[in-house]
*Asks:* 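Structure in structure tokens, see below.
Because only heavy atoms are used, hydrogens play no part in the values below, and waters and symmetry mates are left out as well, while side chains stay in. Sequence lines set the chain letters: A, B, ... in the order given, protein chains first and strands last, and positions in each chain run from 1.
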Protein chains: 2
Amino acid sequence: MKKRITIIEDNVSIREGFRAVLDTIEKYEVMNLYSNCEDALANLDQDQPDVVLMDIELPGMDGIAGTVRIKKQLPNCIVLIITVLEDSEKVFRSLCAGAGGYIVKNSNISEIVQNIDEALAGGAPMSLSIARMVVQSFRQQQDSPLTERETQVLQSIAEGKSYSKIALDLYVSKETIRSHIKNIYRKLEVSSKADAIKIANSNKWVTGRSL
Amino acid sequence: MKKRITIIEDNVSIREGFRAVLDTIEKYEVMNLYSNCEDALANLDQDQPDVVLMDIELPGMDGIAGTVRIKKQLPNCIVLIITVLEDSEKVFRSLCAGAGGYIVKNSNISEIVQNIDEALAGGAPMSLSIARMVVQSFRQQQDSPLTERETQVLQSIAEGKSYSKIALDLYVSKETIRSHIKNIYRKLEVSSKADAIKIANSNKWVTGRSL
DNA sequence: CGTAAAATCCCCCAATATGGGTGATTGATT
DNA sequence: AATCAATCACCCATATTGGGGGATTTTACG
């Protein structure tokens with residue numbers, strides 16, 4: 001069974017370039033080409049693509065919003081973002097939107113075919129630097145001024161727990177937690193939960209996510 | 001300049017197998033082999049490895065704790081986890097510990113060489129399925145019962161903001177926020193911030209991470 | 001051994017936040 | 001017409017928070 005591919009890209013030559021290359025591959029079937037998300041979404045049900053090659057800068061709805069819509073309608077469809085820039089903010093938002101890979105548009109079109117194959121094989125194609133970025137996003141605890149216990153307390157704060165709840169969880173008195181909080185605030189030079197969490201988050205002193 | 005490699009692996013034959021293969025490659029220099037993290041850490045300063053191949057199940061300190069220690073001493077050293085199992089919990093904790101890649105031990109040793117090269121080239125080698133797992137970990141908002149606004153409010157709660165602060169940020173009254181919270185609690189069947197955050201987090205209705 | 005840091009606990013106080021209730025209005029969407 | 005989303009209001013009791021004083025014990029390190 002041929003894999004159905006849809007391309008959303010506003011640049012005509014790139015769009016047609018993709019089609020030309022992908023058309024030569026028997027296992028692929030290029031369903032349709034679109035210059036914007038709106039048109040593509042209107043025809044999603046007919047196209048039923050297995051893979052969507054999505055540009056990120058588009059007139060009207062951008063590629064990220066488009067990805068969200070596509071995944072909502074076709075959860076099993078793999079959306080691969082194809083772009084010229086490695087904008088970390090966009091990479092992050094694309095992945096959150098449900099993109100299955102983030103490919104940097106380069107001269108070598110055969111690499112793109114390789115990437116599509118990788119995505120269909122269950123992988124998540126990314127350039128080397130993006131893969132590194134993604135993996136590094138898990139990294140935490142650079143050089144926190146906080147002690148282990150304080151980190152633990154702040155982590156609990158970030159989970160929305162009250163002092164009393166944290167005290168229960170850690171088998172200590174509420175007053176102890178308050179002491180830790182005071183020390184944390186002093187070290188981070190803040191005076192509220194929100195500020196402490198913001199700093200701890202941006203420095204990755206607390207986690208926040210699981211696989 | 002040759003790339004310095006250290007191997008930490010308790011299985012003798014695998015350990016020696018790696019050395020045998022890597023020794024045949026001119027650009028690599030295998031510094032030392034260790035059967036546990038403790039010994040490896042004691043010699044880190046002499047070895048000064050560019051890359052550490054790390055087993056995850058080890059006697060004494062496990063590979064994850066070892067990774068943390070190594071990264072603390074040699075932040076630029078790349079630690080590649082080599083394991084037989086793709087345990088999502090371990091993958092996650094390894095990456096958090098600072099691992100630069102997570103390679104599944106397989107029969108093909110040449111693939112491992114390829115992976116080391118990829119890591120040295122600035123990438124983050126992973127098996128297809130792990131790459132997919134990692135990327136999917138960014139994915140959010142499966143089918144939340146919450147409205148967009150409610151999600152926004154809950155997100156702010158997860159950031160430790162008070163009702164008043166959220167109200168200011170969203171340019172609405174504090175009472176409006178309270179209404180949203182009440183609706184959120186009703187929908188999620190909880191009655192506290194912590195519980196709401198826990199549910200929203202496990203269902204990925206709120207973010208928590210940045211790149 | 002002595003010091004410093006970390007972790008533990010206690011009290012006081014005032015301001016704020018929170019959770020629950022019971023509403024109401026407006027604008028979309030269906 | 002009915003539903004849902006989003007907005008706002010007021011009441012009330014309790015919990016939480018942040019800041020100020022302390023104190024004790026355990027642990028780590030030179």
*Asks:* Measure OH/A:Tyr163 against P/C:dT18 and give the value in whole Å, please.
*Replies:* 12 Å

*Asks:* Nearest-Å distance, CD (A:Gln152) to P (C:dT8)?
*Replies:* 9 Å

*Asks:* Which of these nucleotides, C:dC9, D:dC10, D:dT16, is closest to any side-chain atom of A:Ser173?
*Replies:* C:dC9

*Asks:* Looking at A:Asp55 and A:Arg15, is any side-chain nitrogen of the basic one under 4.0 Å from a carboxylate oxygen of the acidic one?
*Replies:* no

*Asks:* Using five pairs at either end of the helix from C:dC1-D:dG30 to C:dT30-D:dA1, determine the angle between the two local helix axes and round it to 10 degrees.
*Replies:* 70°

*Asks:* Using 4.0 Å as the upper bound for N to carboxylate O, is an ion pair formed by B:Asp117 and B:Lys27?
*Replies:* yes

*Asks:* In whole angstrom, what separates A:Ile157's CD1 from C:dA17's P?
*Replies:* 15 Å

*Asks:* Looking only at side-chain N and O atoms, does B:Asp45 offer a donor or acceptor that is under 3.5 Å from a partner on B:Gln73?
*Replies:* yes

*Asks:* Can a side-chain donor-acceptor contact be found between B:Arg139 and B:Gln136 if the only test is distance below 3.5 angstrom?
*Replies:* no

*Asks:* Can you measure B:Glu175 atom CD to C:dG20 atom C1' for me and round it to whole angstrom units?
*Replies:* 12 Å

*Asks:* Any ion pair linking B:Asp47 and B:Arg4 (charged N to carboxylate O, less than 4.0 Å)?
*Replies:* no

*Asks:* Taking atom types as modelled and ignoring hydrogens, do the side chains of B:Glu86 and B:Ser127 form a donor-acceptor contact shorter than 3.5 angstrom?
*Replies:* yes

*Asks:* Please state how far atom CD1 in B:Ile166 lies from atom C1' in C:dT18, giving the value in whole angstrom units.
*Replies:* 12 Å

*Asks:* Between D:dT16, C:dA7, C:dG19, which nucleotide has the shortest distance from any of its atoms to the side chain of A:Ser162?
*Replies:* D:dT16

*Asks:* Determine, for A:Arg186 against A:Glu150, whether the closest basic-nitrogen to carboxylate-oxygen distance falls under 4.0 angstrom.
*Replies:* no

*Asks:* Would you indicate whether the side-chain heavy atoms of A:Ile7 and A:Leu22 approach each other to under 4.5 Å?
*Replies:* yes

*Asks:* Could you state the atom-to-atom distance from CZ of A:Arg149 to P of D:dT27 in whole Å?
*Replies:* 13 Å

*Asks:* Taking the side chain of B:Arg178 as its heavy atoms from C-beta onward, which of C:dG21, C:dC12, C:dA7 lies nearest to it?
*Replies:* C:dG21

*Asks:* Give, ordered by number, those residues of residues 179-200 of chain A having at least one heavy-atom distance below 4.0 Å to an atom of DNA chain D; if nothing qualifies, reply none.
*Replies:* A:Lys182, A:Tyr185, A:Ser191, A:Ser192, A:Lys193

*Asks:* Take atom CD of A:Glu148 and atom P of C:dA6, then tell me their distance rounded to the nearest Å.
*Replies:* 12 Å

*Asks:* Indicate yes or no: does A:Glu159 engage A:Lys165 in a salt bridge with an N to O separation below 4.0 Å.
*Replies:* no

*Asks:* Any side-chain N or O of A:Thr147 below 4.0 angstrom from OP1/OP2 of C:dA5?
*Replies:* no

*Asks:* Rounded to the nearest angstrom, tell me the gap between atom CG in A:Leu170 and atom P in C:dT8.
*Replies:* 8 Å

